[in-house]
Participant: 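Here it is, the structure in full.
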Amino acid sequence: MVNHASSILPEIPCNTVNLAVHWWWGFPSSLDIRLLCRMRSSEGDWNSSGRWREYILPSIAGGDLLLADYLWDKVHGGRDDIVKYLRSFAEERNWNAEIFGSLAQDILHIPVEQKYRNKSLSPPQDLYRFWAHGALNWSPEYGTETSAALLAVLGRMGEIQHRLWRGQTELLLPVIDSTRLILCTHLTRKYGANWPTRWRLPLDQEEIEAVQNNPLSSQLGHLKSLLKYHIPKERRWVPLIDLLHSMRNRLAHYYPVTYPEFDDLCREIEQNLQRRF
């Protein structure tokens, strides 16, 4: 028998010889939701849209399948659009601040050791009611978290922005750095291993030492300066480096980017790298 926990609280039966009680807790994980995104994307859909969904959706929905399905085609909007959809989802489930307000404060201030180390097969007993309505999730990736839909109802924009940001960093930072490495490799092959220090030194002493040992260590700021002012033959790469540098700095300072910006980055990388090397 599968039953909503909210309908049997607080009289949840105990395990006996002929009865085993299992809790829907900790699964599917955020990683499972990401795998679902990959499996449901057709070969032709594996573009910037599919990649964006694969990282942003699990970060927002956690392990909530209902919320993930609801947001499937809605995660490409800006933060305000996503908040609107989250509130609509909460309304459909009859969630409101009056019902969950006090409980939400409990979970929003849950101790770190309980948030990340709760690996039991059931939710904390004092949060049964919260979990039973689908407003509380746990995953190995993010620990115990309040549903993003309830955060929207409670006006907790900071927590929602954090979930957008963490999904974007997982997606974008490897893309940005791998593109930087491709450009550094190209310059090393063409100009030799001393190109990062031939015309000018980086501003940071640690970076000076790093590029002297390995030219692939050159960072975006120094790379942009060299190409813009000292290597005119490579100046065509400056707009792409500008875009990478700006996006990396925004994420480093906790400012999420938008899907159209990510789509533009993917197009810029494809046009500038895949067609010119």
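Model, not experiment: these values are computed from the prediction. All values below were derived from every heavy atom in this structure, side-chain atoms included, with hydrogens, water molecules and symmetry-related copies excluded.
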Participant: Under 4.5 Å between any side-chain heavy atoms of F262 and L171, yes or no?
Facilitator: yes
Participant: Under a 4.5 Å side-chain heavy-atom rule over Ile, Leu, Val, Met, Phe, Trp and Tyr, are W138 and L31 clustered together?
Facilitator: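 No; tracing contacts between hydrophobic side chains, which count when under 4.5 Å, never links both residues.
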Participant: Is it true that R34 and E170 make a salt bridge, defined as a side-chain N closer than 4.0 Å to a carboxylate O?
Facilitator: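 Looking at R34 and E170, the cut-off is met.
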Participant: Sequence neighbours excluded, which residues qualify as ring-ring contact (aromatic ring centres under 6.0 Å, His included) partners of Y259?
Facilitator: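 Scan of Y259 (ring-ring contact (aromatic ring centres under 6.0 Å, His included), adjacent residues dropped) gives W52, H76.
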Participant: Any ring-ring contact (aromatic ring centres under 6.0 Å, His included) pairs touching residues 145-173, not counting sequence neighbours?
Facilitator: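 Pairs touching residues 145-173 that pass the test: H162-W165, W165-Y254.
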Participant: Regarding E234 and R236, does a basic nitrogen lie under 4.0 Å from an acidic carboxylate oxygen?
Facilitator: yes
Participant: Check K74 with D81, please: is the shortest side-chain N to carboxylate O separation under 4.0 Å?
Facilitator: no
Participant: Does W72 share a hydrophobic cluster with I160, counting links as ILVMFWY side-chain heavy atoms below 4.5 Å and allowing steps through other members?
Facilitator: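 Looking at the clustering, I160 is in the same group as W72.
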Participant: Does a side-chain heavy-atom distance below 4.5 Å link E209 with S217?
Facilitator: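 Side-chain contact under 4.5 Å: no.
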Participant: Looking at A90 and A149, what are the two nearest heavy atoms and their distance?
Facilitator: CB-O, 3.9 Å
Participant: Do I269 and W237 belong together in a cluster built from hydrophobic side chains that touch within less than 4.5 Å?
Facilitator: yes
Participant: Can a salt bridge be assigned to the pair D263 and R267 using a cut-off of 4.0 Å between side-chain N and carboxylate O?
Facilitator: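 Salt bridge present between D263 and R267.
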Participant: Identify the residue among I56, L57, D32 that makes a side chain to side chain contact (heavy atoms under 4.5 Å, CB included) with C37.
Facilitator: L57
Participant: Tell me whether V238 is reachable from L187 by hopping between hydrophobic residues (I, L, V, M, F, W, Y) whose side-chain heavy atoms are closer than 4.5 Å.
Facilitator: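 The answer is yes; both residues are in one hydrophobic cluster.
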Participant: So which heavy atom on C266 is nearest to which on R51, and how close?
Facilitator: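 Nearest pair, atom of C266 first, then R51: SG-NH1, 3.9 Å.
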Participant: Suppose we screen for side-chain hydrogen bond (donor to acceptor under 3.5 Å, both in side chains). Which residues come up paired with S88, at least two apart in sequence or across chains?
Facilitator: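 Partners of S88 under the side-chain hydrogen bond (donor to acceptor under 3.5 Å, both in side chains) test: none.
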Participant: Between S59 and R166, is any side-chain donor less than 3.5 angstrom from a side-chain acceptor?
Facilitator: yes
Participant: What's the separation between atom CD1 in I176 and atom CD1 in I241, rounded to the nearest 0.5 Å?
Facilitator: 13.0 Å
Participant: Any side-chain to backbone donor/acceptor pair from H222 onto S218? Under 3.5 Å, distance only.
Facilitator: no
Participant: Heavy atoms, side chains only, cut-off 4.5 Å: are E92 and Y70 in contact?
Facilitator: yes
Participant: When you compare the side chain of M157 with that of V83, does any pair of heavy atoms fall below 4.5 Å?
Facilitator: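 Counting from C-beta outward, V83 and M157 do come under 4.5 Å.
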Participant: Apply side-chain contact (heavy atoms from CB on, under 4.5 Å) to residues W95 and S147 and explain how you reach the verdict.
Facilitator: CA-CA 11 Å; W95 293 354; S147 169; 3.6 Å; yes
Participant: Closest heavy-atom contact between V211 and P196?
Facilitator: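 For V211 versus P196, the nearest heavy atoms are CB-CB, 3.8 Å.
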Participant: Is it possible for you to say whether Y255 and V75 belong to one hydrophobic cluster, with membership spreading through side-chain heavy-atom contacts below 4.5 Å?
Facilitator: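 Not linked; separate clusters.
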Participant: First locate atom NE2 of H186, then atom CZ of R189, and finally report the distance between them rounded to the nearest 0.5 Å.
Facilitator: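 Going from the NE2 atom of H186 to the CZ atom of R189 covers 10.0 Å.
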Participant: Looking at every non-hydrogen atom in both residues, tell me the closest pair between P28 and I33 and how far apart they are.
Facilitator: CG-CD1, 4.2 Å
Participant: Not counting sequence neighbours, which residues clear ring-ring contact (aromatic ring centres under 6.0 Å, His included) with Y229? List them please.
Facilitator: none
Participant: With a 6.0 Å cut-off (strictly less than), is the heavy-atom count around CZ of R235, excluding the residue itself, greater than 12?
Facilitator: yes
Participant: Pairs in or reaching into residues 192-201: which pass side-chain hydrogen bond (donor to acceptor under 3.5 Å, both in side chains), with residues at least two apart or in two chains?
Facilitator: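 Qualifying pairs, neighbours excluded: T188-W195, N194-R198, R200-S225.
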Participant: With side chains defined as the heavy atoms from C-beta onward, is the minimum distance between L244 and V175 less than 4.5 Å?
Facilitator: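 Of all side-chain heavy-atom pairs linking V175 with L244, none is under 4.5 Å.
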Participant: Is there side-chain contact between V257 and L265, with heavy atoms separated by less than 4.5 Å?
Facilitator: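 Side-chain contact under 4.5 Å: no.
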Participant: Are L216 and T185 close enough, and set up right, to give a side-chain contact (heavy atoms from CB on, under 4.5 Å), and what steps lead you there?
Facilitator: CA-CA 7 Å; L216 301 186; T185 301; 3.6 Å; yes
Participant: Side chains of F89 and L66, heavy atoms from C-beta outward: is any pair under 4.5 Å?
Facilitator: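 The answer is yes, as the side chains (C-beta and beyond) meet within the 4.5 Å cut-off.
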Participant: Please report the shortest heavy-atom distance between S30 and G63, naming the atom on each side.
Facilitator: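 Minimum heavy-atom contact is OG-N, 4.4 Å.
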Participant: Work out which heavy atom in I231 is nearest to a heavy atom in Y191; give both atom names and the distance.
Facilitator: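 Result for this residue pair: CG2-OH, 3.6 Å.
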Participant: What distance separates L86 CG from L67 CG, expressed to the nearest 0.5 Å?
Facilitator: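 Reported value, rounded in 0.5 Å steps: 6.0 Å.
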Participant: Any side-chain hydrogen bond (donor to acceptor under 3.5 Å, both in side chains) involving residues 172-184? Give me the pairs, sequence neighbours left out, ordered by first then second residue.
Facilitator: D177-R180
Participant: Judged by atom type as modelled, is there a donor-acceptor pair below 3.5 Å linking the side chain of R87 to the main-chain atoms of A152?
Facilitator: yes
Participant: Would you compute the distance between atom CG of L151 and atom OG1 of T146 and round it to the nearest 0.5 angstrom?
Facilitator: 5.5 Å
Participant: Side chains of R79 and T258, heavy atoms from C-beta outward: is any pair under 4.5 Å?
Facilitator: no
Participant: Starting at CD of E270, measure out to CG of N47 and round the result to the nearest 0.5 Å.
Facilitator: 10.5 Å
Participant: Whether the Q219 and H245 side chains hold a donor-acceptor pair (N or O, under 3.5 Å, no angle test) is what I'd like checked.
Facilitator: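 Not at all, the side chains of Q219 and H245 share no donor-acceptor pair under 3.5 Å.
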Participant: Counting heavy atoms not belonging to E206, are there more than 12 under 6.0 Å from its CD?
Facilitator: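 12 or below, so no.
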Participant: Should we say atom CG of L35 is surrounded by more than 12 heavy atoms from elsewhere, each under 6.0 Å from it?
Facilitator: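 Enclosed.
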Participant: Please answer whether the main-chain N or O of V21 pairs with a side-chain N or O of N15 as donor and acceptor at a distance below 3.5 Å.
Facilitator: yes
Participant: Out of curiosity, R38 CZ to L36 CG, how far, rounded to the nearest 0.5 Å?
Facilitator: 12.0 Å
